[in-house]
Amino acid sequence: MPNFGKVLVTSAWPYINVIPHLGNLVGSVLSADVVARYYRLIGDEVLMVSGSDEHGTPIEVEAMKQGVTPKELTDRNHARVAELFRKWGASFDNYTRTESPVHRDFVQETLMKIYKNGYIFSKETQMLYCEHDQRFLPDRFVEGKCPYCGGERARGDQCDLCGRLLEPSFLLEPYCVICGNKPTVKTTKHWYIDLSRFANPLIQYLSENKQLPANAKNFSLNWIKEGLKPRAVTRDVDWGIPAPFPGAEGKTIYVWVEAVMGYVSATIEYCKRIGEPEKWKEFWFDKAAKTLYFVGKDNIPFHTIILPALLLASGEDYNLPWNVSATEFLQFKGEKASKSQRIGIWIDEALELFPADYWRFFLMATRPESKDSNFSWDVFLEKVNADLNDTLGNFIHRTLTFINSKFNGEIPQPKLTAEDEAVLQAVKEKVETAAQEFEEAKLQSAANTLISIGRIGNQYLNEKEPWKLVKTDREKAATVLYVTAQVVKAITLVSAPFMPATAEQLWQTLNLDGSVHEGRWKEALKPLEAGHKIARPKPLFQKIDADEKQLDEMLAAVREKKAKSA
RNA sequence: AGCGGGGUGGGGUAGCCAGGUGAACCCGCUGGGCUCAUAACCCAGAGAUCGGUUGUUCAAAUCAACUCCCCGCUACCA
């Protein structure tokens with residue numbers, strides 16, 4: 001369990017044209033939060049930052065639909081999303097937004113540095129333009145008939161029906177998705193970063209990075225091998241950060257370029273706020289500091305290529321990503337989440353149904369680490385009812401109630417035998433395994449390890465049968481309950497990153513000082529002293545008594561209520 | 001189409017990079033035990049030849065080739 005000292009934990013910035021769904025949350029904010037909480041527990045200095053990505057065409061269009069300004073839309077959505085993340089237990093030190101002045105200034109300054117370093121050039125191109133809306137249209141904002149399969153509503157970049165890649169000019173009967181009129185072609189000028197200049201340093205960085213998981217590493221190296229092309233850093237969009245380059249009036253910065261720079265600006269903003277304006281450099285330049293990024297698989301190149309290239313191009317010796325943990329996707333009952341078709345569960349709805357800790361544990365236990373995973377109520381019920389409630393919750397409850405009813409609520413005095421020591425040793429090994437899994441971002445496995453500690457406790461209780469011993473050999477019974485109390489304590493710590501509220505409740509029930517979240521990991525194996533008084537336990541979890549159909553109905557009811565209040 | 005990831009008992013996953021101890025774990029199922037505990041817990045058992053084909057090897061879930069299927073990316077969605 002090495003201590004790194006400084007750890008910057010970040011998650012992909014959610015694009016807040018809509019409220020995120022569970023699939024958006026699992027690999028980014030939630031994974032980041034679990035890992036950040038772990039590092040805080042082992043006593044590292046952790047900064048967890050992210051923010052709302054709020055610029056760009058889709059936000060402008062969504063605002064137009066709602067009849068508000070983009071700023072009004074993102075003010076509202078940012079406030080809602082920030083509040084929802086808080087309710088989910090996300091322990092951000094700074095959850096900011098791309099409209100933050102600190103962010104805007106940082107992006108403009110850094111891009112000017114890159115410009116002055118000679119990595120940015122401008123070039124004229126032809127783009128689709130809608131005369132009616134007076135705006136340039138990204139490829140996806142033009143639809144028409146597919147020239148290959150004849151399917152309706154093929155997008156300018158791809159036909160969803162036949163899967164073929166398209167150019168907007170291929171579309172038959174093209175129309176603007178906003179107003180329906182036929183787009184025209186117009187010449188415009190954009191500024192590009194010449195990524196190819198960084199091919200060699202990127203290859204070296206990626207090859208030497210030991211933490212980077214295979215999916216991210218292979219994908220990224222392949223991208224580079226195929227040849228890095230210049231990437232436009234400007235857009236013809238009003239809603240964004242004004243491009244700082246000479247002659248670029250009216251252009252704004254491409255959202256992905258500014259969003260990844262947000263990791264730095266959010267750190268700066270936080271350090272300013274706490275009155276230590278230079279401190280951010282400890283996270284970004286001190287080579288002992290680690291930066292961890294939690295993203296979905298669709299996001300890999302932005303974090304393994306674009307961000308490192310931007311950091312290198314600034315010429316300032318920034319720390320490049322230490323690890324980019326990329327998850328696959330969470331599907332819903334075998335289908336991709338879709339807002340329009342209401343496939344999926346949104347993060348506000350989930351909390352209306354069950355406590356955040358249930359969802360947090362469930363999502364981490366089914367975290368799509370090697371392949372897409374599939375949400376189903378059956379699996380949700382399995383994780384909550386069998387793992388959390390039956391195995392873990394019931395073990396804790398039977399231990400603590402026994403101590404209360406038979407030992408006056410005091411940790412009994414033990415006389416440990418080799419068998420008892422072996423159980424404590426097994427738990428110690430599980431705690432160490434969990435620590436390693438947190439550090440390797442194998443969170444699904446860490447969730448299983450947590451439950452397996454409960455299993456060890458249950459086995460031990462069943463073998464020893466202290467409910468019999470208490471009548472025949474009180475000292476032996478005392479020893480058994482002493483041991484299981486230590487197992488409960490270990491569970492408290494290991495569960496803390498996953499279920500912060502539940503772990504805290506347990507910490508209080510064990511009548512321990514302060515909060516479990518104050519760097520207590522090393523105390524996981526420090527025994528509760530004989531004679532230590534504990535409180536009367538309350539069940540930590542409740543079994544969900546509903547089948548799939550009823551759960552679907554409950555979700556539908558939540559949606560109906562939400563629709564009415566909106 | 002190209003590139004990356006994946007396809008493992010009824011369901012959910014690990015193992016594959018560094019080939020070799022009975023293919024591991026959870027749920028479910030069957031049988032048994034226990035009664036401290038939230039009808040929870042514990043033990044035992046049945047069930048997969050690892051998408052398909054071919055090859056390399058003394059030995060393949062693991063390596064190679066081909067093939068089918070799912071997901072992502074392909075640089076102007078974010």
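Each chain gets a letter, A, B and so on, in the order its sequence line appears, and its residues count up from 1.
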Undergrad: Out of B:rG72, B:rU38, B:rA40, which nucleotide sits closest to the side chain of A:F541?
TA: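 Closest nucleotide among those given: B:rU38.
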
Undergrad: If you look only at pairs with a residue in residues 470-483 of chain A, which of them pass as a side chain to side chain donor-acceptor pair (under 3.5 Å), with sequence neighbours excluded?
TA: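 Counting only pairs at least two positions apart or across chains, no side chain to side chain donor-acceptor pair (under 3.5 Å) contact touches residues 470-483 of chain A.
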
Undergrad: For A:R235, report the nucleic acid contact type (base, sugar-phosphate, nothing); a contact means any heavy atom under 4.0 Å.
TA: sugar-phosphate

Undergrad: Between protein and nucleic acid, restricted to nucleotides 44-46 of chain B and to nitrogen or oxygen atoms under 3.5 Å apart, what atom pairs and distances do you find?
TA:
none

Undergrad: Would you mind reading off the distance between A:D157 atom CG and B:rA75 atom C1', rounded to a whole angstrom?
TA: 12 Å

Undergrad: Searching all strands shown, indicate the nucleotide that pairs with B:rC63 (Watson-Crick or G-U wobble; both distances under 3.5 Å).
TA: B:rG55

Undergrad: Within the structure, does a side-chain N or O atom of A:Q331 lie under 4.0 Å from either OP1 or OP2 of B:rC71?
TA: no

Undergrad: On a whole-Å scale, what distance lies between the P atoms belonging to B:rU13 and B:rC71?
TA: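 15 Å, rounded to whole Å.
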
Undergrad: Considering every strand and a 4.0 Å limit on heavy-atom distances, what is the contact class for A:L381: base, sugar-phosphate, or nothing?
TA: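 Counting heavy atoms under 4.0 Å across all strands, no contact is made by A:L381.
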
Undergrad: Just N and O in the side chain of A:R140: are any of them under 4.0 Å from OP1 or OP2 of B:rC77?
TA: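 Result: yes.
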
Undergrad: Restricting to side-chain hydrogen bond (donor to acceptor under 3.5 Å, both in side chains), what partner residues turn up for A:K406, sequence neighbours left out?
TA: none

Undergrad: Polar pairs (N or O, both sides) under 3.5 Å between protein and nucleotides 5-13 of chain B?
TA:
{"residue": "B:rG5", "atom": "OP1", "partner": "A:N218", "partner atom": "ND2", "Å": "2.8"}
{"residue": "B:rG5", "atom": "O2'", "partner": "A:S370", "partner atom": "O", "Å": "3.2"}
{"residue": "B:rU13", "atom": "O3'", "partner": "A:Q444", "partner atom": "OE1", "Å": "3.4"}
{"residue": "B:rU13", "atom": "O2'", "partner": "A:Q444", "partner atom": "OE1", "Å": "2.9"}

Undergrad: Expressed as a whole number of angstroms, how long is the span from A:W256:CH2 to B:rC76:P?
TA: 14 Å

Undergrad: Can you tell which of A:F380, A:F354, A:F498, A:F541 makes a ring pair (Phe, Tyr, Trp, His ring centres under 6.0 Å) with A:F362?
TA: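 It is A:F380, the one option of A:F380, A:F354, A:F498, A:F541 that forms the ring pair (Phe, Tyr, Trp, His ring centres under 6.0 Å) with A:F362.
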
Undergrad: What salt bridge (charged side-chain N to carboxylate O under 4.0 Å, His left out) pairs are there with at least one residue in residues 209-228 of chain A, not counting sequence neighbours?
TA: none

Undergrad: Write down the distance separating the C1' atoms in B:rC17 and B:rG5, rounded off to the nearest Å.
TA: 14 Å

Undergrad: When you measure from the side chain of A:N222, which nucleotide among B:rG4, B:rA78, B:rU38 comes out closest?
TA: B:rG4

Undergrad: At under 4.0 Å between heavy atoms, what does A:P466 touch on the DNA or RNA strands: base, sugar-phosphate, or nothing?
TA: nothing

Undergrad: Please work out if A:W13 contacts a base, only the sugar-phosphate, or nothing of the nucleic acid, heavy-atom cut-off 4.0 Å.
TA: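 Nothing, no nucleic acid heavy atom in range.
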
Undergrad: How far, in whole Å, is B:rU62 from B:rG19 if one measures between their C1' atoms?
TA: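 Taking atom C1' in both B:rG19 and B:rU62, they lie 6 Å apart.
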
Undergrad: Look at the side chain of A:R455 and decide which nucleotide, out of B:rC27, B:rU74, B:rA78, has an atom nearest to it.
TA: B:rC27

Undergrad: Between B:rA65 and B:rA78, how far is it from one C1' atom to the other, in whole Å?
TA: 38 Å

Undergrad: Quick one: list whatever passes side-chain hydrogen bond (donor to acceptor under 3.5 Å, both in side chains) with A:R104, sequence neighbours left out.
TA: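 Per chain and number, A:R104 pairs via side-chain hydrogen bond (donor to acceptor under 3.5 Å, both in side chains) with no residue.
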
Undergrad: Nearest whole Å is fine: how far is B:rC17 C1' from A:L221 CG?
TA: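 It is 15 Å, rounded to the nearest whole Å.
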
Undergrad: Using heavy atoms to find the nearest nucleotide of RNA chain B for A:F329 and A:G56 separately, return the residue whose nucleotide is more 5′.
TA: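 On the 5' side of the pair lies A:F329.
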
Undergrad: Using atom C1' of each nucleotide, how far apart are B:rC29 and B:rU74 to the nearest Å?
TA: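 That atom pair is separated by 46 Å.
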
Undergrad: Whole-Å distance between B:rA75 P and A:K123 NZ?
TA: 13 Å

Undergrad: Please write out the pairs of protein N or O atoms and N or O atoms of nucleotides 31-34 of chain B separated by less than 3.5 Å, giving the distance to one decimal.
TA:
{"residue": "B:rG33", "atom": "N2", "partner": "A:N462", "partner atom": "ND2", "Å": "3.2"}

Undergrad: Strictly distance-based, threshold 3.5 Å: is any side-chain N or O of A:N374 a donor or acceptor partner for the main-chain N or O of A:K333?
TA: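 Pair found, side chain donor or acceptor close to backbone of A:K333.
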
Undergrad: Going by modelled atom types, is there a donor-acceptor pair between the base of B:rA78 and the side chain of A:D53 at under 3.5 Å?
TA: no

Undergrad: Identify whether the distance between the nearest side-chain nitrogen and carboxylate oxygen of A:R155 and A:D157 falls below 4.0 Å.
TA: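 So A:R155 pairs with A:D157 through a salt bridge.
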
Undergrad: Between B:rU38, B:rC76, B:rC71, which one does the side chain of A:P539 approach most closely?
TA: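 Taking heavy atoms from C-beta onward, the closest nucleotide is B:rU38.
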
Undergrad: Can you list the residues that meet the side-chain hydrogen bond (donor to acceptor under 3.5 Å, both in side chains) rule with A:Y95, with sequence neighbours excluded?
TA: A:S52

Undergrad: Would you mind telling me which of B:rC26, B:rC41, B:rU74 lies closest to the side-chain atoms of A:N458?
TA: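 Out of B:rC26, B:rC41, B:rU74, the nucleotide with an atom closest to A:N458's side chain is B:rC41.
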
Undergrad: Scan residues 448-469 of chain A for pairs that pass salt bridge (charged side-chain N to carboxylate O under 4.0 Å, His left out), counting only residues two or more places apart or in two chains.
TA: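 Residue pairs passing salt bridge (charged side-chain N to carboxylate O under 4.0 Å, His left out), neighbours aside: A:D387-A:R455, A:E419-A:K464, A:E465-A:K468.
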
Undergrad: Just by modelled atom types, is the A:V237 backbone N or O under 3.5 Å from a matching donor or acceptor in the A:T252 side chain?
TA: yes

Undergrad: To the side chain of A:K543, which of B:rA40, B:rA78, B:rC76 is closest?
TA: B:rA40

Undergrad: Where each residue is assigned the nucleotide of RNA chain B containing its nearest heavy atom, which of A:K442 and A:D387 is assigned the position nearer the 5′ end?
TA: A:K442

Undergrad: Roughly how far apart, to the nearest Å, are B:rC50 and B:rC16 at atom C1'?
TA: 11 Å

Undergrad: What is the base-pairing partner of B:rG4, counting Watson-Crick and G-U wobble geometry with both distances under 3.5 Å?
TA: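 With both distances under 3.5 Å, B:rG4 matches B:rC71.
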
Undergrad: Classify A:G227 by what it touches in the nucleic acid, base, sugar-phosphate, or nothing, heavy-atom distance under 4.0 Å.
TA: base

Undergrad: Can you tell me which nucleotide in B:rC36, B:rC26, B:rC71 comes closest to the side chain of A:R398?
TA: B:rC36

Undergrad: Given B:rA1, B:rA78, B:rC73, identify the nucleotide with an atom nearest to the side chain of A:L165.
TA: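 Among B:rA1, B:rA78, B:rC73, the one nearest the side chain of A:L165 is B:rA1.
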
Undergrad: Return no unless some side-chain N or O of A:K229 is found under 4.0 Å from OP1 or OP2 of B:rU74.
TA: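 The answer is no; no side-chain N or O of A:K229 sits under 4.0 Å from OP1 or OP2.
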
Undergrad: Could I get the full list of side-chain hydrogen bond (donor to acceptor under 3.5 Å, both in side chains) partners for A:T401, not counting sequence neighbours?
TA: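 So A:T401 forms no side-chain hydrogen bond (donor to acceptor under 3.5 Å, both in side chains) with any residue.
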
Undergrad: Mind checking the P distance from B:rA18 to B:rC41? Whole angstroms is fine.
TA: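 Result for the P pair: 41 Å, nearest Å.
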
Undergrad: By side-chain contact (heavy atoms from CB on, under 4.5 Å), which residues pair with A:D298, not counting sequence neighbours?
TA: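 For A:D298 the side-chain contact (heavy atoms from CB on, under 4.5 Å) partners, ignoring immediate neighbours, are A:F329.
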
Undergrad: Categorize A:F136 for me: base, sugar-phosphate, or nothing, with a 4.0 angstrom heavy-atom threshold over every strand shown.
TA: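 Nothing, no nucleic acid heavy atom in range.
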
Undergrad: Not counting sequence neighbours, which residues clear side-chain contact (heavy atoms from CB on, under 4.5 Å) with A:K371? List them please.
TA: none

Undergrad: Using atom C1' of each nucleotide, how far apart are B:rC27 and B:rA40 to the nearest Å?
TA: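 Comparing C1' positions in B:rC27 and B:rA40 gives a spacing of 16 Å.
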
Undergrad: Could you check whether A:L228 gets within reach of a base, just the sugar-phosphate, or nothing at all, counting any heavy atom under 4.0 Å?
TA: base

Undergrad: Between A:R135 and A:D238, does at least one N-O distance fall below 4.0 Å, as a salt bridge requires?
TA: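 Looking at A:D238 together with A:R135, the answer is no, because their closest N to O distance does not fall below 4.0 Å.
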
Undergrad: Pick one: which of A:R367, A:K442, A:Q211 meets side-chain hydrogen bond (donor to acceptor under 3.5 Å, both in side chains) with A:S325?
TA: A:R367

Undergrad: Regarding B:rU38, can its base be found pairing with the side chain of A:N394 as donor and acceptor, where the two atoms are less than 3.5 Å apart?
TA: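 Side chain to base: no pair present.
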
